2 protein chains.
Amino acid sequence: MSPTLDYDPHEFPPFAVTVDLVVFTIRDERLHVVLVERGSEPFAGRSALPGGFVRPDEGIDAAARRELAEETGLDLGRDAATLTQLATYGDPDRDPRMRVVSVAHVALVADLPDPRGGSDATAAELVPVDTALRRRLAFDHRRILRDGLDRVRDQLEYLSIATRFCPPEFTLGDLRAVYDAVWDVELDPANFRRKILASGIVTPVAGARATPSASGGRPAQRYRATSTALAPIEPPFRRPTA
Amino acid sequence: MSPTLDYDPHEFPPFAVTVDLVVFTIRDERLHVVLVERGSEPFAGRSALPGGFVRPDEGIDAAARRELAEETGLDLGRDAATLTQLATYGDPDRDPRMRVVSVAHVALVADLPDPRGGSDATAAELVPVDTALRRRLAFDHRRILRDGLDRVRDQLEYLSIATRFCPPEFTLGDLRAVYDAVWDVELDPANFRRKILASGIVTPVAGARATPSASGGRPAQRYRATSTALAPIEPPFRRPTA
DNA sequence: TTAATAGTGTCTGTAAGACACTATACG
DNA sequence: CGTATAGTGTCTTACAGACACTATTAA
């Protein structure tokens, strides 16, 4: 805030503030993002990120949680770490109607029962990210999605966010599948195991073993995230080059 | 943006949008931040980060550049990389007057001739960051400063931002002094040289050697940033533990 | 049995940290 | 000469990647 105001605070310019959400999950071994179909102009009929206006007495992340619940039926609960702020997009012409500044967020969720349409009957769908990036999205949502994807890929290296894509208990194979999907690689199971266990971000569940998948295989030890909060991966788990 | 609006766009809630700036530089081997003194309520007389209202037809980073120039006389020019968005702060009660959402930025500058008061005669000063963090700052500026500091410390590991604190030509000793100041460590000159040169973020200036400092010593090779854009440091330059 | 996944062991190359040593300036 | 900084070389340790090998399940 400027100590010597350029504008009287009661004559401030007319801004609208919104939130947009990049909601990632993993489905069929691939990274997906939640898109909604716009029902009204501008960009009616086009795919868009879920989001909406921040209410006058509502915090910004509260607005993000509320909009996500309203449009997709997803409840992130009180868990602070699955929803993080990405960046703010405020080009003067990003919305043809008026000046809108949007605070974008990234949410990571375990695979959903199924994305249902919002309480207001808007269509919500789960789309593979590469498909979504090839679509013509409303507003500057393609750029926001791109930025969100970059962020998740980066954070996978140094933060324990991978467990957010998993249910409370998971195997190291499940966790590796997250890395494989987000980075589009195939990590060596042996080296993955060594690095993840050394980082301490997961703790084995005493006695719990996973039933082998349909294709057979030895049952795997079950793990839980060591902490409910995000933890640094130390040393960082670097993404394979090329 | 919600496809089914909770609010008619022409009845949007009354928000003001501002920018705040965390401007870092290095002075006397220590990291400093630019603070201004507030001339009016609320928080009159208290130190604050420079910033101000975004104008109706102005982009957000354009507003940040303009406010910085107005309040401290610093011109970042067209260089995109010295000014980066940090995060957005929008608690409903962060400004007692009205609902204000502020987009905070971080700027890195080479040591200034001297921070002059703004064109509107507001006092601007350069304060060591640890001192600034102990002060009672206006609004939530202490948290913003804290977040900005964390960001710069992190980015020093994997982005070539250190050169932004230096004049166009510098020695490896100068660059190491940046790391020492921001991380509050004393890096080994030999290992620092090896890692920085291996990363390729700097290029030697043919024939140019620095005159030894007052205390003597062999003249050092001069370098320039290899690219005007920010480049990743590969492999990352990890901060010493503890 | 085979196929598939879980999990262990080991070798090799790269790179970080510690630090000795040389080079070139000022006084 | 001593002192201070620039710059090189080298040793040790840690860890990542590659990959061989064993373990335990389903079909």
Side-chain angles (χ1 to χ4, degrees), chain A residues 29 156-158 166 169-181 183 185-224 232-242, chain B residues 29 156-158 166 169-181 183 185-224 232-242:
Chain A
E29 315 264 278
L156 221 42
E157 296 200 2
Y158 57 89
C166 299
E169 292 192 6
F170 49 86
T171 69
L172 290 182
D174 297 334
L175 200 61
R176 182 164 44 80
V178 171
Y179 278 85
D180 285 353
W183 282 347
V185 293
E186 284 196 30
L187 298 177
D188 181 298
N191 296 332
F192 180 82
R193 161 182 307 276
R194 250 193 302 111
K195 287 200 279 191
I196 290 296
L197 291 183
S199 78
I201 64 170
V202 297
T203 307
V205 177
R209 302 228 137 221
T211 59
S213 60
S215 53
R218 169 173 169 180
Q221 176 65 248
R222 286 191 169 283
Y223 293 83
R224 292 184 152 271
I233 299 183
E234 194 60 39
F237 191 163
R238 305 241 29 233
R239 185 176 173 182
T241 58
Chain B
E29 316 263 275
L156 221 44
E157 295 200 4
Y158 57 90
C166 298
E169 293 192 4
F170 48 86
T171 69
L172 291 181
D174 297 335
L175 200 62
R176 182 165 43 83
V178 171
Y179 278 85
D180 285 352
W183 283 348
V185 294
E186 282 196 31
L187 298 177
D188 180 298
N191 296 332
F192 180 82
R193 160 181 307 275
R194 250 193 302 111
K195 287 201 279 192
I196 290 297
L197 292 182
S199 79
I201 64 169
V202 296
T203 307
V205 177
R209 302 226 137 223
T211 58
S213 60
S215 52
R218 170 174 167 178
Q221 175 65 248
R222 285 190 170 283
Y223 293 84
R224 291 183 152 272
I233 298 182
E234 195 58 39
F237 190 163
R238 302 266 294 143
R239 184 175 174 184
T241 57

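Treat the numbers as computed from the prediction; the structure is a model and nothing was measured. In what follows, chains carry the letters A, B, and so on, assigned in the order in which the sequence lines appear, proteins first and then strands, with residues in each chain numbered from 1. Values below: all heavy atoms of this structure, side chains included; hydrogens, waters and symmetry mates excluded.
Rounded to an integer number of Å, the gap from NZ of Lys195(A) to P of dG9(C) is 19 Å. If you measure from atom CG of Leu172(A) to atom C1' of dA4(C), you get 17 Å, rounded to the nearest angstrom. Distance CG (Asn191(A)) to P (dA6(C)): 15 Å, rounded to an integer number of Å. Atom-to-atom, CG of Asp174(B) to C1' of dT5(D) comes out at 12 Å; the value is rounded to the nearest Å. Between the CZ atom of Arg238(A) and the C1' atom of dC15(D) there is a distance of 13 Å, rounded to whole Å. Rounded to an integer number of Å, the gap from Arg194(A) CZ to dG9(C) P is 11 Å. Across the protein-nucleic acid pair, Glu157(B) atom CD and dA16(C) atom P stand 12 Å apart, rounded to whole Å. Taking atom CZ of residue Phe192(B) and atom C1' of nucleotide dA15(C), one finds them 17 Å apart after rounding to whole Å.
Among the candidates Leu172(A), Leu187(A), Asn191(A), the single residue satisfying the side chain to side chain contact (heavy atoms under 4.5 Å, CB included) test with Ile196(A) is Leu172(A).
No side-chain donor-acceptor contact under 3.5 Å links Tyr223(A) to the backbone of Leu197(A).
Within 4.0 Å (heavy atoms only), Pro235(A) reaches sugar-phosphate atoms of the nucleic acid but no base atom. Across all strands shown, Ala198(B) has no heavy atoms under 4.0 Å from either base or sugar-phosphate atoms.
When the side-chain nitrogen and oxygen atoms of Arg218(B) are compared with OP1 and OP2 of dA23(C), none of them lie within a distance under 4.0 Å. Between Arg176(B) and the phosphate of dA6(D), there is a side-chain N or O to OP1/OP2 separation shorter than 4.0 Å.
Taking only side-chain atoms of Ala190(B), from C-beta outward, the nucleotide of dA6(D), dA6(C), dC19(C) with the closest atom is dC19(C).
Using cut-offs of 30° and 60° on the angle between ring planes, the pair Phe237(B) and Phe192(B) is tilted.
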If you apply the rule side chain to side chain contact (heavy atoms under 4.5 Å, CB included), what do you find for Arg209(A) with Gln221(A), and how did you get there? CA-CA 5 Å; Arg209(A) 302 228 137 221; Gln221(A) 176 65 248; 3.7 Å; yes
